[in-house]
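Chain identifiers are assigned alphabetically (A, B, ...) following the order of the sequence lines, protein sequences preceding nucleic acid strands; residue numbering begins at 1 within each chain.
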Protein chains: 2
Amino acid sequence: MSQSPWQPISPAKPVRERKAPLTRERIVDAAMEVLRKEGYDGVSMRKVAQELKTGPASLYAHVANKRELDQLLVERANAQMVFDEPVDPTRWQEQLKALMREMLRAMRANPGVARAAIGAVPLGERALQTTERMLTLLKAGNLPDQAAAWAVDLIPLYVTAVAFEETVQSASDWTPQDVEEFVNGLRTFLAEQPADRFPLVVALAGPLTSGASGDERFEFGITVITAGLAALADRT
Amino acid sequence: MSQSPWQPISPAKPVRERKAPLTRERIVDAAMEVLRKEGYDGVSMRKVAQELKTGPASLYAHVANKRELDQLLVERANAQMVFDEPVDPTRWQEQLKALMREMLRAMRANPGVARAAIGAVPLGERALQTTERMLTLLKAGNLPDQAAAWAVDLIPLYVTAVAFEETVQSASDWTPQDVEEFVNGLRTFLAEQPADRFPLVVALAGPLTSGASGDERFEFGITVITAGLAALADRT
DNA sequence: ACCTGAACACCGTTCAAGT
DNA sequence: ACCTGAACACCGTTCAAGT
């Protein structure tokens with residue numbers, strides 16, 4: 001019986017799970033995994049390497065340094081934003097708010113990415129799409145070019161700051177009860193200040209400590225920013 | 001000749017520069033020094049201890065941990081803000097903008113403090129004064145209580161985010177030339193995008209990359225926020 | 001009571017040596 | 001060309017021992 005032609009010449013050699021070669025793609029995958037599991041501070045070159053069953057030095061063949069890895073994480077989060085509603089110039093304010101909500105959603109879905117995003121200028125394909133959409137909405141609102149351009153800076157800065165603040169707070173592994181207790185303590189602390197020196201702080205201790213969840217505060221923020229931008233529109 | 005009465009009993013003992021005892025105050029002084037010299041990332045317990053000619057463990061008798069030290073640095077920066085102009089209700093918008101400028105000035109004077117400030121709830125004496133002043137201005141503008149309270153959150157968040165972004169960028173030890181080169185490269189990059197897919201990005205490449213210094217962008221931001229807040233005023 | 005040295009469990013990055 | 005072990009110069013925090 002002759003050997004079947006598809007038999008390997010040296011059958012003894014086991015498949016030996018030759019590790020899939022490292023690629024940027026796989027490195028970012030692993031980093032996202034660590035990010036989700038341990039937050040931004042958990043993402044070290046060593047941990048990412050460990051996730052890939054190799055040593056930290058191996059990563060440097062594909063990624064210049066930690067900062068570049070951070071940038072790649074931001075691009076991943078950017079790619080997760082979905083803006084499917086066609087631009088409707090008559091609803092530019094509402095659509096701009098929706099865009100900011102979607103930005104926050106994507107950041108929250110990847111806790112820690114906000115920290116990486118804060119100093120970064122996002123220039124990937126998806127980031128440019130988001131920028132183009134922002135500009136379209138702002139020009140629909142009759143903003144002058146320079147105002148629209150600076151708004152493109154202001155909007156992600158605000159959203160990123162909110163997301164980053166949330167991750168800083170949640171990094172201190174507090175339970176919801178801990179947070180509630182902290183907020184209650186805070187309210188009491190403010191209410192007990194000397195009313196002659198801090199009358200409004202005392203009077204508004206309640207409102208000052210409400211909406212801790214963040215959603216209401218964020219809605220307030222995007223409303224203020226949108227209204228402020230609308231006030232800059234060219235009246236023609 | 002009798003000994004003068006003020007001669008020490010055992011004159012052999014030299015003054016031996018008995019180190020001034022550690023205090024929170026001295027630790028924060030040292031940390032501010034390191035902060036100014038090396039930025040936020042330079043502020044390690046070890047470096048601060050070294051500045052005080054002791055070991056890192058010694059600090060833990062006075063400061064719970066690094067996070068508490070960060071908080072103390074924020075309070076220092078808060079204490080450097082000066083608001084001497086009396087509140088004038090008719091000029092609340094202008095005075096609110098001036099307050100934000102002063103916040104940014106104090107943060108810039110202590111590069112790195114912004115990073116420490118971003119998740120912190122500032123509750124020191126000086127921070128409460130700033131909060132009281134913000135509330136006074138906002139109520140002068142007829143904002144509802146809840147809007148004023150959330151604005152007290154929004155305003156420092158924005159200023160801190162701007163300051164933090166600046167320190168992240170300047171941390172990468174770039175010279176002004178490097179920055180200019182980067183901005184020029186960025187403008188070219190944007191201008192060269194496919195105009196059919198990113199028409200506004202291409203058309204506004206100039207405005208998008210102008211005002212890199214930050215001051216103009218910051219003025220834009222505080223104008224938008226102030227105008228947006230004004231739009232929420234109760235009309236009575 | 002306050003301070004300290006030494007240790008523990010971590011970092012990012014580099015580099016010579018291996019395949 | 002790609003990967004790796006080992007090393008370098010750092011971290012924050014703890015703790016037993018000293019004064």
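Positionally, the nearest nucleotide of DNA chain C for B/Pro56 lies more toward the 5' end than for the other of B/Pro56 and A/Val43.
Counting to the nearest Å, the P atom of D/dC3 and the NZ atom of A/Lys53 are 16 Å from each other. A/Glu68 has its CD atom 14 Å from the C1' atom of C/dT13, to the nearest Å. B/Tyr40 places its OH atom 13 Å from the P atom of D/dC11, with the value rounded to the nearest Å. For the pair A/Asn65 CG and C/dC11 P, the interatomic distance rounds to 17 Å; values are reported in whole Å. As a whole-Å value, the separation of B/Tyr60 OH from D/dA16 P is 17 Å. The interatomic distance linking A/His62 (NE2) with D/dA1 (P) rounds to 14 Å, in whole Å. Separating the CE atom of B/Met45 from the P atom of D/dC10 is a distance of 18 Å, rounded to the nearest angstrom. In this structure, B/Leu52 places its CG atom 15 Å from C1' of C/dC2, rounding to the nearest Å.
We find that A/Lys97 and A/Glu102 are not joined by a salt bridge, their nearest charged nitrogen and carboxylate oxygen being 4.0 Å or further apart. In summary, B/Asp215 and B/Arg108 engage in a salt bridge, as defined by a charged side-chain N under 4.0 Å from a carboxylate O. Ion pairing between B/Glu75 and B/Arg126 fails under the 4.0 Å rule for side-chain N and carboxylate O. Salt-bridge check for B/Arg76 with B/Asp70: failed, with every basic side-chain N at 4.0 Å or more from each acidic carboxylate O.
Base pairing analysis places C/dA9 opposite nothing; no Watson-Crick or G-U wobble pair with both distances below 3.5 Å involves it. In a base pair of the Watson-Crick type (N1 to N3 plus N6-O4 or O6-N4) or a G-U wobble (N1-O2 and O6-N3), with each distance short of 3.5 Å, D/dT4 is matched with C/dA16.
Listed nucleotides D/dT4, C/dC3, D/dA7 differ in distance to A/Arg46; the shortest reach to its side chain belongs to D/dA7.
Distances shorter than 4.0 Å separate some side-chain N or O of A/Lys47 from OP1 or OP2 on C/dC11. An OP1 or OP2 oxygen of C/dC10 is reached within less than 4.0 angstrom by no side-chain nitrogen or oxygen of A/Ser44. In this structure, A/Ser58 does not reach the D/dC2 phosphate: none of its side-chain N or O atoms is under 4.0 Å from OP1 or OP2.
Not one N or O on the side chain of A/Ser58 forms a donor-acceptor pair closer than 3.5 Å with the backbone of A/Thr54.
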